[in-house]
Amino acid sequence: MTDEPTADLHLHTTFSDGTETPERVLEMARQAGVSAVAITDHDTVDGMARSSAAAAACGIELIPGIEMSSCSRHGIEVHVLGFLFDATQPTLTRHVAEQQARRIARIHETVKRLQRVGVTIQAEEVLQLAGEGTVGRPHVARVLLKHGYVSSVSEAFSRYIGTNNPGFVPGSTLSPAHIIGVIRAAGGIPVLAHPIYLRCDPLIEELAQEGLLGLEVYHACHPPETVRHYEQMADRLKLLKTGGSDFHGDVKEGQPVGSVKLPYALVEALKQWKTTSVS
Ligand code: AMP
Ligand code: ZN
Ligand code: FE
Ligand code: FE
């Protein structure tokens, strides 16, 4: 019996805030029986060469991917996934370089604010933990955990670095429309990530008017009724459907590689859009 090919189009590695290397994530995908993956690290494409080599070694197809941060005009943090783009296109490479600098500056400001409330961690340790990857709040959380300020990553977010906490510093101020433009300039397909986190359907309709092409209907945090809701919404707004596990390794529980398996037909639909569009 041959299994139908499947895909997991939302995975993180050590090139952003995942705890596993691209090689390890690809090996996990192979073990989970996934035929195609997208590594969607936050605001970076630096891991692509390693992911691509690891995917080839595992006999898995790698779909170029990224997850970009933005902020809606209502102040909601909006994550937009990009697929099948040219990672060398200048608008995109300039954007990721700017975002990496922004993220480093944010960590310095976060640490300064934490020090004001008696939390004496150092920015250097957070940056060192992020290593070659884009730095983010999960790295701060892991340093807080290591030094005993919290007993879990989620406690770090609820007490220190989540919205309105003493160490919170706003992230990207770019609009989702801007991000959508960056992905499309690189010939990619912008897809709204985990819409459940937004709880704002009018925003999705607005983004569809602004060039959004897909909706992440399937996600490890979407229960069946949510999936049905977003399936209908994607059909109504004529958006492509994607999905994935949003695997981060051991920093987030319950979302192993391949826990969301898409029928490969959805990957074909993405490719089909590429071949028929004149973006
Ligand atoms: P940043 O991009 O630096 O603002 O960090 C945001 C990332 O932190 C998200 O993409 C999630 O991976 C992670 N995150 C956000 N909230 C939580 C939470 N409550 N617990 C664990 N991880 C979280
Ligand atoms: Zn993340
Ligand atoms: Fe996200
Ligand atoms: Fe993600």
Side-chain angles (χ1 to χ4, degrees), residues 8-20 22 25 37-45 47 63 65-72 75-83 96 98-111 113-114 123 126-127 129-130 133-145 150-165 167-174 176 179 190-199 214-216 218-222 242-257 259-260:
D8 182 341
L9 300 181
H10 193 156
L11 298 163
H12 295 272
T13 75
T14 46
F15 278 86
S16 65
D17 54 3
T19 58
E20 307 299 327
V25 171
V37 300
I39 302 291
T40 53
D41 277 314
H42 298 280
D43 293 326
T44 184
V45 288
I63 308 294
I66 192 167
E67 182 172 15
M68 292 184 176
S69 296
S70 66
C71 186
S72 79
I76 305 173
E77 189 179 330
V78 178
H79 288 182
V80 180
L81 297 159
F83 297 110
V96 292
E98 285 165 4
Q99 291 308 298
Q100 285 174 33
R102 191 250 322 147
R103 282 174 168 276
I104 292 169
R106 185 188 189 201
I107 293 304
H108 285 285
E109 181 58 28
T110 302
V111 166
R113 292 188 191 192
L114 287 173
V126 178
L127 296 170
L129 178 65
T134 43
V135 69
R137 283 181 292 163
H139 299 106
V140 178
R142 281 155 64 191
V143 171
L144 290 171
L145 182 62
V150 293
S151 54
S152 68
V153 164
S154 62
E155 189 190 346
F157 275 89
S158 61
R159 274 186 68 190
Y160 288 116
I161 54 176
T163 315
N164 301 328
N165 287 152
F168 178 71
V169 179
S172 172
T173 53
L174 296 170
I179 301 292
V191 173
L192 181 68
H194 39 62
I196 188 80
Y197 294 176
L198 303 179
R199 298 183 184 283
L215 191 61
E216 192 179 40
Y218 313 95
H219 184 272
C221 293
H222 287 180
T242 75
S245 59
D246 210 354
F247 173 77
H248 279 78
D250 65 15
V251 288
K252 271 188 175 179
E253 290 165 13
Q255 305 180 26
V257 178
S259 57
V260 173

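Remember, it's 1-based here, ligands and their atoms both numbered in the order they're listed.
- Residue contacts with ligand 1, taken as heavy atom pairs separated by less than 4.0 Å, do not involve Val135 at all.
- Gly162 approaches Phe168 most closely through the heavy-atom pair O-CB, 3.1 Å.
- Contacts between His12 and ligand 1 below 4.0 angstrom, taking non-hydrogen atoms only, are absent altogether.
- Remark: ligand 1 atoms within the under-4.0 Å shell around heavy atoms of His42 are 10 (O).
- Checked by atom type, the side-chain pair His12/Glu67 shows a donor-acceptor distance below 3.5 Å.
- Within Asp246, the N, O or S atom at minimum distance from the Fe ion (ligand 4) carries the name OD1.
- Interface of His248 with ligand 1, defined as ligand atoms under 4.0 Å from a residue heavy atom, comprises 12 (O).
- Distance alone, capped at 3.5 Å, is enough to place a donor-acceptor pair between the Ser16 side chain and the His42 backbone.
- Against a heavy-atom cut-off of under 4.0 Å, Gly136 is close to the following atoms of ligand 1: 3 (O).
- Using a 4.0 Å cutoff on heavy atoms, Pro138 counts as a contact of ligand 1.
- Inter-residue side-chain proximity for Arg102 and Asp43 is flagged as met; some heavy-atom pair is nearer than 4.5 Å.
- For ligand 1, the polar-atom distance check finds an N/O of Arg106 within less than 3.5 Å of one of the ligand's N/O atoms.
- Between the side chain of Ser259 and the main chain of Ser245, no donor-acceptor pair closer than 3.5 Å is present.
- Applying the 4.0 Å criterion to heavy atoms of Val153 picks out, from ligand 1, the atoms 21 (C).
- Residue contacts to the Fe ion (ligand 4): His194 brings no N, O or S atom closer than 2.8 Å.
- Smallest separation of non-hydrogen atoms from Thr40 and His10: OG1-CD2, 3.1 Å.
- Look at His10 and the Fe ion (ligand 4): an N/O/S atom of the residue is under 2.8 Å from the metal.
- Here the closest heavy-atom approach between residue Phe157 and residue Ala141 is recorded as CE1-CB, 4.2 Å.
- When the Fe ion (ligand 4) is compared with the N/O/S atoms of Glu67, atom OE1 turns out nearest.
- Taking the six-membered ring where the residue is Trp, His219 and His194 present perpendicular rings, their angle passing 60° and hence far from 30°.
- Judged by distance alone, with hydrogens and angles left aside, the side-chain atoms of His108 form no donor-acceptor pair with the main-chain N or O of Ala105 at under 3.5 Å.
- Counting backbone and side-chain atoms alike, Asp246 contributes no N/O/S atom closer than 2.8 Å to the Zn ion (ligand 2).
- Looking only at its N/O/S atoms, His42 has NE2 as the one nearest to the Zn ion (ligand 2).
- A side-chain donor-acceptor contact under 3.5 Å links Ser70 to the backbone of Val78.
- Of all atoms in ligand 1, listed by their number and element, those nearer than 4.0 Å to a heavy atom of Asp17 are 7 (C), 12 (O).
- Atom 2 (O) of ligand 1 has its nearest heavy-atom neighbour, among Arg103, Arg137, His79, in Arg103.
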